[in-house]
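Single-structure report; data block below.
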Amino acid sequence: MSAPVPIIQKHPEGAFCWVELGTPDTAGAKQFYTDLFGWDVEEVPMGPSETYTMFRTQGLQHAAMYRLQPEHLAQGVPPHWAVYIATDNADASAAKARELGATILAGPFDVRSSGRMAILKDPHGATFAVWQANEHIGARIAGVPGTLCWTELVTPDAKGSKQFYTSLFPWSTKVGASAVPDSQIEYTEWQLAGQSIGGMMEMKDLPPHWMPYFLVSNCAESVQLAQELKAHVQFGPMPIAGVGDFAVLRDPQGAHFTAISLSAAA
């Protein structure tokens, strides 16, 4: 009998605690992700005409979705997955990020009684959010198929990004294995309390961004299903030695994410 999956009670400062999809077609995206990952949904009213969709696995929240408004689209905001990083003090984290060269895009502001947050753009152009939990801690479950298991930064300046994020969060770094065979690109792993929680690659030909990785049981099967559901395969499936198989996908509405299955040795 498999061990029960522990319910997450608190995210330590510096942990990736939540992912949120912004998309112009919430109905289509909801259909795609529930079909692909088997997620359940919980609709939370947000104003007179909008809802905030919580995604759940085994009855526990771990991701969400909202509709991109016309003004977002007019500003060129693409469909995207946003990552949230836990902090003990959103105001202090936003102020520190600004001192380190980041731009505050929004906030800090309260999200009702759920928590307090700020949306930031790092000095090299990648956006992320910091989350100070109150009633909503973020993801309540991880380590099972369909949940966030890794978060990766693509940046034009790995050295500068390393300095920024290790100064802002209690992170350290180590050199990791590149997912691309025979690649000359150095892969950096972000570590929190001695555990690897995400990674970083320097790539100057892609827009800076944070990429969520969702755990799946079988990467090839998930990619096939995603294609049947009208997703586009950007890369893969490909093996990562000693880790598993991964593929970069673009959902039918245009947001990118990665699916990864782990080998027994991982």
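Nothing here was measured: the structure is a model prediction, and the numbers come from that model.
Val44 and Tyr84 fall within a single hydrophobic cluster, where Ile, Leu, Val, Met, Phe, Trp and Tyr are joined by side-chain heavy atoms under 4.5 Å apart, directly or via other members. Residue Val154 is not grouped with residue Ile85 when hydrophobic side chains (ILVMFWY) are merged at heavy-atom distances under 4.5 angstrom, including chains of intermediate members. Cluster annotation: Val223 and Tyr213 are assigned to distinct hydrophobic clusters (Ile/Leu/Val/Met/Phe/Trp/Tyr, side-chain heavy-atom contacts under 4.5 Å, transitive). Under the 4.5 Å side-chain heavy-atom criterion for ILVMFWY residues, a single connected hydrophobic cluster contains both Tyr52 and Val111. When hydrophobic clusters are built by joining Ile, Leu, Val, Met, Phe, Trp and Tyr residues whose side-chain heavy atoms come closer than 4.5 Å, directly or via intermediates, Phe109 is grouped together with Met46.
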I'd like a table of donor-acceptor pairs (distance under 3.5 Å, sequence neighbours excluded) in which one partner is a side-chain atom from residues 191-201, with atom names and distances.
from   : atom 1 : to     : atom 2 : distance (Å)
Gln191 : NE2    : Ser196 : OG     : 3.1
Ser196 : OG     : Glu189 : OE1    : 2.6

Let me have the donor-acceptor pairs involving side chains of residues 5-12, under 3.5 Å, with sequence neighbours excluded, atom names and distances please.
from  : atom 1 : to     : atom 2 : distance (Å)
His11 : NE2    : Ala139 : O      : 2.8

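Residues passing the side-chain contact (heavy atoms from CB on, under 4.5 Å) test with His124, sequence neighbours excluded: Asp122, Thr155, Pro156, Asp157, Ser161. Partners of Gln69 under the side-chain contact (heavy atoms from CB on, under 4.5 Å) rule, at least two apart in sequence or in another chain, are Glu50, Arg67, Glu71, His72. Listed by chain and number, the residues in a side-chain hydrogen bond (donor to acceptor under 3.5 Å, both in side chains) with Gln58 amount to none (sequence neighbours excluded). Residues satisfying the side-chain contact (heavy atoms from CB on, under 4.5 Å) test with Thr151, not counting sequence neighbours, are Phe16, Val83, Leu148, Trp210. Residues satisfying the side-chain contact (heavy atoms from CB on, under 4.5 Å) criterion with Leu229, sequence neighbours excluded, are Phe32, Asp35, Leu36, Leu225. For Tyr66, there are no ring-ring contact (aromatic ring centres under 6.0 Å, His included) partners, not counting sequence neighbours. Residues passing the side-chain hydrogen bond (donor to acceptor under 3.5 Å, both in side chains) test with Trp150, sequence neighbours excluded: Tyr187.
Residues Pro123 and Ala102 come closest through the heavy atom pair CG-N, 4.0 Å. Of all heavy-atom pairs between Thr57 and Pro145, the closest is CG2-O, 4.1 Å. Pro108 and Ala94 get closest at one heavy-atom pair: CG-CB, 3.8 Å. Pro252 approaches Ala231 most closely through the heavy-atom pair CG-N, 4.1 Å. Minimum interatomic distance between Ala64 and Trp18 (heavy atoms only, all atoms of both residues): CB-CZ2, 3.4 Å. Taking all atoms of both residues into account, the shortest heavy-atom contact from Pro237 to Ala220 is CG-CA, 4.2 Å.
Around CD of Glu42, the count of heavy atoms belonging to other residues, nucleotides or ligands within 6.0 Å exceeds 12.
Note that NZ of Lys121 and OG1 of Thr103 are 5.5 Å apart. Values are rounded to the nearest 0.5 Å. Between Met54 atom CE and Glu43 atom CD the span is 10.5 Å, to the nearest 0.5 Å. Note: Leu100 CG to Gln163 CD = 8.0 Å, rounded to the nearest 0.5 Å. If you take CG on Leu168 and CD on Glu13, they are separated by 8.5 Å, rounding to the nearest 0.5 Å. For the atom pair CH2 of Trp81 and CZ of Phe257, the computed distance is 8.5 Å after rounding to the nearest 0.5 Å. Rounding to the nearest 0.5 Å places NE2 of His256 at 13.5 Å from CZ of Phe235.
Ring geometry for Trp39 versus Phe55: interplanar angle of 30 to 60°, hence tilted.
Using a 4.5 Å heavy-atom cutoff, the side chains of Leu153 and Phe128 are not in contact. Val243 has its side chain within reach of Leu262: a pair of non-hydrogen atoms, C-beta onward, lies under 4.5 Å apart. Two residues are said to be in side-chain contact when any heavy atoms from C-beta on lie closer than 4.5 Å; Pro239 and Asp245 meet this criterion. Side-chain contact between Thr258 and Glu152 is absent, with no heavy-atom pair separated by less than 4.5 Å. Side-chain atoms of Gln227 and Val233, non-hydrogen and from C-beta on, do get closer than 4.5 Å to each other. Counting heavy atoms from C-beta outward, Leu249 and Asp251 have side chains that stay 4.5 Å or more apart. In this structure the side chain of Trp190 reaches within 4.5 angstrom of the side chain of Thr173, judged on heavy atoms. Looking at Leu68 and Pro24, their side chains come closer than 4.5 Å, going by heavy atoms from C-beta outward.
Sorted by first then second residue, the side-chain hydrogen bond (donor to acceptor under 3.5 Å, both in side chains) pairs that include residues 125-143, not counting sequence neighbours, are Ser113-Glu135. For residues 89-106, the salt bridge (Lys or Arg N to Asp or Glu O under 4.0 Å) pairs, not counting sequence neighbours, are Asp91-Arg116. Residue pairs meeting the salt bridge (Lys or Arg N to Asp or Glu O under 4.0 Å) criterion with at least one partner in residues 196-210, sequence neighbours excluded, are Glu202-Lys204.
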Output, in order, the C-alpha distance, side-chain angles, deciding distance and verdict of side chain to side chain contact (heavy atoms under 4.5 Å, CB included) for Met211 and Val248.
-> CA-CA 9 Å; Met211 169 77 78; Val248 179; 3.8 Å; yes

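The ring-ring contact (aromatic ring centres under 6.0 Å, His included) test with Phe214 singles out one residue from Phe246, Phe37, Tyr33, and that residue is Phe37.
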